[in-house]
Every structure is written in C-alpha cells, then in structure tokens.
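Some notes on the structure that comes next.
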Amino acid sequence: MSTENPVDAPDDGVGDRSPGESTSTDFIRQKIAADNDSARFSQRVQTRFPPEPNGYLHIGHAKAINLNFSVAAEFAGTCNLRFDDTNPEGEDQEYIDGIEEDLAWLGYKPSGPVLYASDYFQQLYDWAENLIEKGLAYVDDQDAETISAQRGGFGKPGVESPHRQRTPAENMELFRGMRDGLYADGEKVLRAKIDMQSENMQLRDPIMYRIKRMAHHRTGDTWIIYPTYDWAHGQSDAIEGVTHSLCTLEFTDNRALYDWYLSNLDLPHEQPEQTEYARLGLTYTPMSKRVFARLVNDGIVDGWDDPRMPTLRGLRRRGYPASAIRDFVDKVGIARTNSTTEIELLESFVRTELNRTSLRRMAVLRPLKVVITNWPEGEERLLTAINNPEDDTAGTRTVAFGPELWIEQDDFKVEPPAKYYRLSPGREVRLRAGFYITAHDVETDAEGNPTTVFCSYDPESEGGSTPDGRKVKATIHWVSAQHAVGGTVNLYNRLFSDPHPGEGGTDPLASVNPDSRETLTDVRLEQSLADVEPGQVVQFERLGYFAVDLDDSTVFHRTVGLRDEWANIQKRQQKSQRQHKNQGQQKKKRSS
RNA sequence: UCGCGGGUAGUUCAACUGGCAGAACACCAGACUUUGAAUCUGGGGGUUGCAGGUUCGAGCCCUGCCCCGCGAGCCA
C-alpha cells in the first residue's frame, strides 16, 4: 500500500495492492492496522531484521526478511538490518558480509544504514547502572551451575541468591569491577532482580551481563563484559525506534522480560512491542544453523554454498530465483501454528518462474548414438529452434544437424513397455526442431544394451511436420554428434531421505541421503551452451532447469526437474504389478 | 509436574469477527500440444482434535477433556 496515511485510507482491503506486494491479511498485519487505527506509535511502523552474524542465511530467514520488509512497505514504514552481535563467540565479519550479500540478492534493501547491537554497548552499560541504582539489578558471585540449580524447575520454586540483597552502592562497585577486568571470566554476572518464584522461567532473575575475555569482531578488546540477548534486544529496538518487533515463537516467554526491561528504562521512543509467529518448517529440510554447520564440517556437503544446502547461497548456486523464494515465503503466510510446508510448494514456485524466464536448450545426459542411414553424404544443416515458447521476445537460435546424433538412452527401447511411445524399432518419432525419424536396426553390446540405433529420416518433415499431416506420439531431444560440446552435470536428490529429519529426538544427520548428488561427466550439449553466463539458468528440454555454475561455466547444476508424467506412469505400473503379485500370493496362502 | 501457545482437505493458509467451510500446492481424469513440459477444463477429497452447552444459527462464544509445540544457557 502506498497510501500516505493508511488510517485515512478507505477500508478497501487488498484491492489496491500491486501484484508484487503481499496480499496477506495475517494476524500481524491486522494488528498493525489496528494499532494505526488507534493512533498507537503515532501511526508509525518500523520493523527490523536482526540476524546474529554467526552463520549464513537460510530459507527460514527468507520468511522473516519477507515479513519485516513487506510489512514495512505496506504500511509506508521502514525496516532496518541490525546485526545482533552481542556475543563474540562464533561471530565473524565474514558472516556480516555474507548476510548483506544474501539479503541484497534476495531483493531487499534496508531503509537506512546497517545497524549493530554492538554500537549500543555503552548505552546498554549506562542503562544497567540505572537499574542497579534503582535496586533492580545485582551482581551474583555464584557459578553457572549453582545459578541454574537455584532457578528451580517447571512447577518448582526458585531459590534466591545469597547476593540478592546487596546494596546499590555495593553492586555498582562490583559491576564496574567486572567491566574493568577485576574478575575472571565466569566469576561474576549481573542479574536482573525480578521474581525467583515466577511461573515464567525467563523472569527468575535473568543474566544481563557475563564476563568474557574475547575479542569482538567490531569492538575488539574494548569490552570484556557482554550483554545477553534479552538485555540487548528490546533496548536495541527502542534505541532505533522500532515499533513492531517481530520474532519467532520460541521467544514467546521472553516477551515478559522484554517488557519488564523496557518499562524500567527511560526510552527515547514509545516502547516497542514484540509479536511472535511460527518459524518456517520444510519437509526433507532441517532448519538449524547447528545442523548446517555439521554438514559443512563433516564434509557431507562442499560448503555453505553447496547447491544441496537450504542456505540462500546454496539455493542461489542451485539456480533458485530470488523471486521464487520470495513468492514462496509470502504464500506460506504468517500464523502461530507450528507447521511444516511441503517442499513441493517451493519447487512449484521455482518451476513457475523458470518456465516463464529460462531459455530452452538441448542437452543429452546419458548419450546413445543414432545414425541416420539415408542422410545425404557429407551434408550438414542448420535448423531453427525457439528459445522460449513462453516468451516471444526471446527469439530463436540455430542448431546444427548431421548424420550422427546423440539421444537420451531413456528415449529408446528395443522392447517398448506399455504406454511407452518414444523411439523403438519400427516406430517413428519427431526430433525436436528437426525431422521425423524411424528406427530400423540396433547394435547392442555383450549385455544386450543398445550402443547404436540406425534410423531413417523423412526429408519432408523438416521443421516438425509432414505434408501428409501424419502424427507422431513423441518428440525427443537430441544433439548433433559432430557439433556437440562436452560438459558436466550435477543431478541432485533430496539431501535428507526422511521428510522430517530429526523427528522424535533422533539425529537429523542419521537420515542424510548418501545419493544426494549424481555427477555426469559425459554429457553432450548443443553448441550454444558453450556460451552461457555464470549463474544463468536454462531449461534442458524435457529434462529440467539447470544452472550454470558460478565458477566453472562447463558445470551445470540441476535446479529442479520438469514434472514427469512418464515417470509417474512407470511408478504406478510398478505399484500395480506389486499389488497383483501380493494378491496372488495371498490367494495361494488362502487356498493352501 | 507448572506456565504459555496451537489444533480447519494430504500440506500450508483463508473464512470480512456468530450467517452457504474456500484457495494454492499435491493427487486423479480429460482437452490441447513440435517438451509425457507449459496451458485449459473438470474431479475426488472436511464429523473444523473430542464431548457437552448457549443460540433461530457455532470453525468462531462458554465448560470439560485429548493431542502437539515451546520454556529451567553466563546461546540467540
């Protein structure tokens, strides 16, 4: 919505949104609309995307990004990128750069400069002293184990720390000592003094600061005490003027703490409000940085940008268009229900986009030689092929044709099974953008596998039709043997074979699919495929969409296959055969 | 065990806040087709977790129960 003042806009629902914008009316958007109606936050809307720079972004983050940026755009608000870099452990400039790059690739631009929670360390420190002065925070000398034990449990009371009653003056001196390096790592912490009997564990005197002598990627050695997430997050929101702080469901219990901290501080803006929604779940896809790090470290994948990874870099390398990812996360919607979306939905958005935009090319992945026996000696032809039937402006290209061709092994059967209507002895098919050919003879190897198919062509069928108008049932792709160029193709299957990896407390890595990648080094490509851009995605006709590798333009990654009706037919045939067999066995059993 | 959140086609979400339960993807069938693709048409699919209650009328309100998720880091 581009209306300047959303409150005064007529209640026209989503009618005036442009096609690119979200048309959702989820509970968050409804809530923001209601806030605007009641003039809360002075009708201002500000969100933020707050990743910790300790890993790369994945498709789960895409949902959070889309939500925050789209909501801001729809309500004429702003959305910033803020790095939640409160804990130097595991954080690195490498990830900051990577996240900015991935965010830009996904198609989003922060409303202002990139922000860092670490820029607020001094303000956070000052606020901590304020809380100490008010008697709302204290220094605890106990170790982590003791503090944890005293916290109690669900339905069990907590125990107050013996240091809980220290005076503000005493706490102030100790806290400054923490900052100034008087104590060892872990020797002391600063805690909020809230309620050790609260039913909400987050409120049982949570830790605000810990001592950690570790260089921070941005503040270096300036600080040796670092704020925890809870002590930093709401305040960062408040400093920036965030109005709606959107996060995932696991932070629901933290909201009470978020509010407690902010209500005890003098804030420069209205107090922001946290709202939670469910994170993205995807079948066959664990969604955890921890698991991804193990895949990388154990060498199961080549890196964070391996095309099998659900990271944004991995998906980009695989050829997933950013717009398809955006459409997908938008379509999944925002709710509070824990859910797992079928990965087929994502793939359908990828196909829809690529079908619209990608050039058609011919490539033979598993080559079988075809010899045209009646082709005029020494002759060569250039045929015209359409680049994209979905896009007239994409034009045409020429493909060379000669006496020897490569076709797909799957496209020829000596004894065709039921409903198979590709090439077989005596049968005529059309070569895409070429001629009709009929198979006559086959040469086979010792095991009976075809090595060469001898065919005749109909000279009158150039362009794909004949004067007599006779029909053929199949059109197959091909590449001229004399003109083909070589290349490598990576075929990908699911990285995990279980639709819900790690379900029931099992190790997600236990269901890693050992056959997630198949590399074909002997593929035959039409000449034009020697001239492609890194990252470009083309459709290999009848096979699928393939992305040119970012570093090596002779390597193609299968982004996603085409829908394959023939494969479905075969599956059904096998299934019904098995059922017949089982029925036969059951009959035998019964009669015996 | 305690607290919080959640249960609507196979899946993800809608249902204008109490008024004929819909869409997309998936699945099935047909049409069309120089990609067994795409496109088009149609179809199967639901005891709205369960049991009561209020109401002319309940997916929505009330009561009880069941199931699932999250929460006891000096992680975020």
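In what follows, every heavy atom counts, from backbone to side chain, and hydrogens, waters and symmetry copies are set aside. Order of the sequence lines sets the chain letters (A, B, ...), proteins ahead of strands, with each chain counted from 1.
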So what does [X] touch, heavy atoms closer than 4.0 Å: a base, only the sugar-phosphate, or nothing?
X        : answer
A/Tyr277 : nothing
A/Arg360 : base
A/Arg432 : base
A/Ile569 : base
A/Gln30  : base
A/Arg191 : nothing
A/Arg422 : base
A/Thr283 : nothing
A/Ala433 : base

Can you find a side-chain donor-acceptor pair between [X] and [Y] that sits under 3.5 Å?
X        : Y        : result
A/Trp566 : A/Gln570 : yes
A/Tyr545 : A/Gln539 : yes
A/Asp205 : A/Tyr138 : yes

Using the C1' atom on both, measure B/C28 against B/U35 and round to a whole Å.
22 Å
Rounding to the closest angstrom, what is the interatomic distance between B/G7 and B/U12 at atom C1'?
14 Å
Does [X] [atom1] have over 12 foreign heavy atoms under 6.0 Å away?
X        : atom1 : result
A/Leu491 : CG    : yes
A/Lys31  : NZ    : yes
A/Asp392 : CG    : no

Scoring nucleotides 40-48 of chain B by protein non-hydrogen atoms under 4.0 Å (B base, S sugar-phosphate only, - none) yields ---------
message = Please determine whether a side-chain nitrogen or oxygen atom of A/Arg563 lies at a distance below 4.0 Å from atom OP1 or OP2 of B/A38.
response = yes
Looking at A/Arg572, does any N or O in its side chain come under 4.0 Å of the phosphate oxygens OP1/OP2 on B/C28? yes
No-H, no-angle donor-acceptor pair, A/Arg542 side chain to B/G36 base, under 3.5 Å
no
Only one of A/Glu526, A/Glu408, A/Glu541, A/Arg432 passes side-chain hydrogen bond (donor to acceptor under 3.5 Å, both in side chains) with A/His477, and that residue is A/Glu408
Sidechain N-carboxylate O distance under 4.0 Å for [X], [Y]:
X        : Y        : value
A/Glu276 : A/Arg336 : yes
A/Lys289 : A/Glu52  : no
A/Glu91  : A/Arg218 : no
A/Arg82  : A/Asp237 : yes

Pairwise N/O distances under 3.5 Å, protein to nucleotides 66-76 of chain B:
unit_1 : atom_1 : unit_2   : atom_2 : d
B/G69  : O2'    : A/Asn338 : ND2    : 3.1
B/G71  : O2'    : A/Gln202 : NE2    : 3.3
B/A72  : N3     : A/Gly152 : O      : 3.4
B/G73  : OP2    : A/Ser148 : OG     : 3.1
B/C74  : OP1    : A/Arg151 : NH2    : 3.1
B/C74  : OP2    : A/Arg151 : NH2    : 2.8
B/C74  : N4     : A/Gln142 : O      : 3.0
B/C74  : N4     : A/Ala144 : N      : 3.3
B/C74  : N4     : A/Gly186 : O      : 3.3
B/C75  : OP2    : A/Arg210 : NE     : 3.2
B/C75  : OP2    : A/Arg210 : NH2    : 2.8
B/C75  : O3'    : A/Asn87  : ND2    : 3.4
B/C75  : O3'    : A/Arg210 : NH2    : 3.3
B/A76  : OP1    : A/Thr86  : OG1    : 2.9
B/A76  : OP1    : A/Arg210 : NH2    : 2.9
B/A76  : OP2    : A/Tyr229 : N      : 2.9

Practice item. Classify the angle between the aromatic ring planes of A/Tyr258 and A/His233 as parallel (below 30°), tilted (30 to 60°) or perpendicular (above 60°). Key: tilted
Glycosidic torsion of B/G71 (syn if within 90° of 0, anti otherwise) classifies it as anti
Per the O4'-C1'-N9-C4 / O4'-C1'-N1-C2 angle with a 90° window around 0, B/U48 comes out anti
Atom pairs, N/O to N/O, protein against nucleotides 22-25 of chain B, distance under 3.5 Å?
none

Could you list the donor-acceptor pairs under 3.5 angstrom formed between side-chain atoms of residues 149-163 of chain A and any protein atom two or more places apart in sequence or on another chain?
unit_1   : atom_1 : unit_2   : atom_2 : d
A/Gln150 : OE1    : A/Gln142 : NE2    : 3.0
A/Gln150 : NE2    : A/Gln142 : OE1    : 2.9
A/Ser161 : OG     : A/Asp140 : OD1    : 3.2
A/Ser161 : OG     : A/Asp140 : OD2    : 3.0
A/Ser161 : OG     : A/Gln142 : NE2    : 3.2
A/Ser161 : OG     : A/His163 : N      : 3.1
A/His163 : ND1    : A/Asp140 : OD1    : 3.0
A/His163 : ND1    : A/Asp141 : N      : 3.3

So the stems of RNA chain B, runs of at least three Watson-Crick or G-U pairs (under 3.5 Å), are B:2-7 with B:66-71, B:10-13 with B:22-25, B:27-31 with B:39-43, B:49-53 with B:61-65
The test is side chain to side chain donor-acceptor pair (under 3.5 Å); show your working for A/Ser198 and A/Asn200 and say whether it passes. CA-CA 5 Å; A/Ser198 174; A/Asn200 183 343; 5.5 Å; no
The answer to which of A/Thr340 and A/Glu541 contacts RNA chain B further toward the 5' end, by nearest nucleotide, is A/Thr340
Residues passing the side-chain contact (heavy atoms from CB on, under 4.5 Å) test with A/Pro310, sequence neighbours excluded, are A/Ile59, A/Thr285, A/Phe292
